[in-house]
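Ligands are counted one by one from 1 in listed order, and the atoms in each one are counted from 1 as well.
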Amino acid sequence: MMIKCITFDLDDTLWACAPVLKVAEEKCYAWFKRYYPKITAKYSEQQLFENRQQYMHTHPEQVFNLTQIRLDWLAQIADEFSYPPQMAQDAFHIFWLARNQVTLFEGVLESLEQLSANFSLGVISNGNADVDHIGIGKYFDFSVNVIDAGFAKPSPEIFHHALTLANYCAQETVHIGDNPECDVLGALNAGLHAIWYNPKQDIWLEDKKPSAIIQKLNEIETKINFIG
Ligand SMILES: [Mg+2]
């Protein structure tokens with residue numbers, strides 16, 4: 001069956017995630033310092049980070065939804081200092097704005113432009129980035145996150161949710177991402193094809209093999225000809 005649809009992971013596939021998250025945390029901390037200074041008087045940025053890690057550790061059932069768990073943790077912080085609950089929403093918005101200030105990897109725009117002419121493109125992400133807000137939404141026909149699907153990668157449910165929006169079957173769809181478990185094994189187990197985006201040329205360690213491996217997104221179209 002021919003590939004008709006390509007779904008993309010976002011973080012560390014279209015941009016580097018760590019630097020953007022670092023800046024987002026810094027901006028949040030500066031915002032607390034300015035508007036909710038009791039928080040920063042008690043916690044350093046590192047301590048606040050550890051506080052959130054601790055919260056996530058004690059709520060493992062919620063960790064798949066990174067947006068909700070951050071909101072819940074922020075609500076707990078607001079409560080600790082008797083700040084209004086609205087603080088949580090506002091702080092999340094500060095984080096979210098900064099978190100979407102991404103720098104696309106070289107060649108991403110050109111690849112999306114080219115691929116969108118020949119394939120239906122979609123997004124399947126566990127994170128809370130927003131392709132419309134980032135300005136690349138026009139290349140994608142649909143976008144699925146954890147909140148939409150109620151499941152996170154590698155659960156097959158999130159891939160199947162995407163397929164209902166894609167109007168293509170699993171065998172006509174290839175998912176592309178950097179994470180061997182979430183992206184490659186997740187997609188393969190859901191019946192899709194899977195391309196491993198592996199710019200650092202790591203070794204593949206799993207029994208199940210990706211349909212193809214690429215170091216740059218501009219290799220996608222050539223590789224797709226050999227899939228399906
Ligand atoms: Mg990723």
(request) Report, as yes or no, whether the 6.0 Å neighbourhood of atom NE2 on His59 holds more than 12 heavy atoms from other residues, nucleotides or ligands. (result)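 Yes, the 6.0 Å shell around NE2 holds more than 12 heavy atoms from other groups.
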(message) I'd like to know if the Mg ion (ligand 1) has an N/O/S atom from Asp183 within less than 2.8 Å of it, counting both backbone and side-chain atoms.
(response) no
(message) Ring of Phe119, cation from Lys4 - is the NZ or CZ under 6.0 Å from the centre and inside 45° of the axis?
(response)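 Verdict for Phe119: no cation-pi partner in Lys4.
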(message) If I take atom CZ from residue Phe64 and atom CD1 from residue Ile147, how far apart are they, to the nearest 0.5 angstrom?
(response)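 Atom-to-atom, Phe64:CZ and Ile147:CD1 are 9.0 Å apart.
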(message) Using the Mg ion (ligand 1) as the vertex, how large is the angle between OD1 of Asp178 and OD2 of Asp9, rounded to 10 degrees?
(response) 80°
(request) Considering just N/O/S atoms, say which atom of Asp11 is closest to the Mg ion (ligand 1). (result) O
(message) Are the side chains of Thr67 and Val146 in contact, using a 4.5 Å heavy-atom criterion?
(response)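 SC-SC contact between Val146 and Thr67 ruled out.
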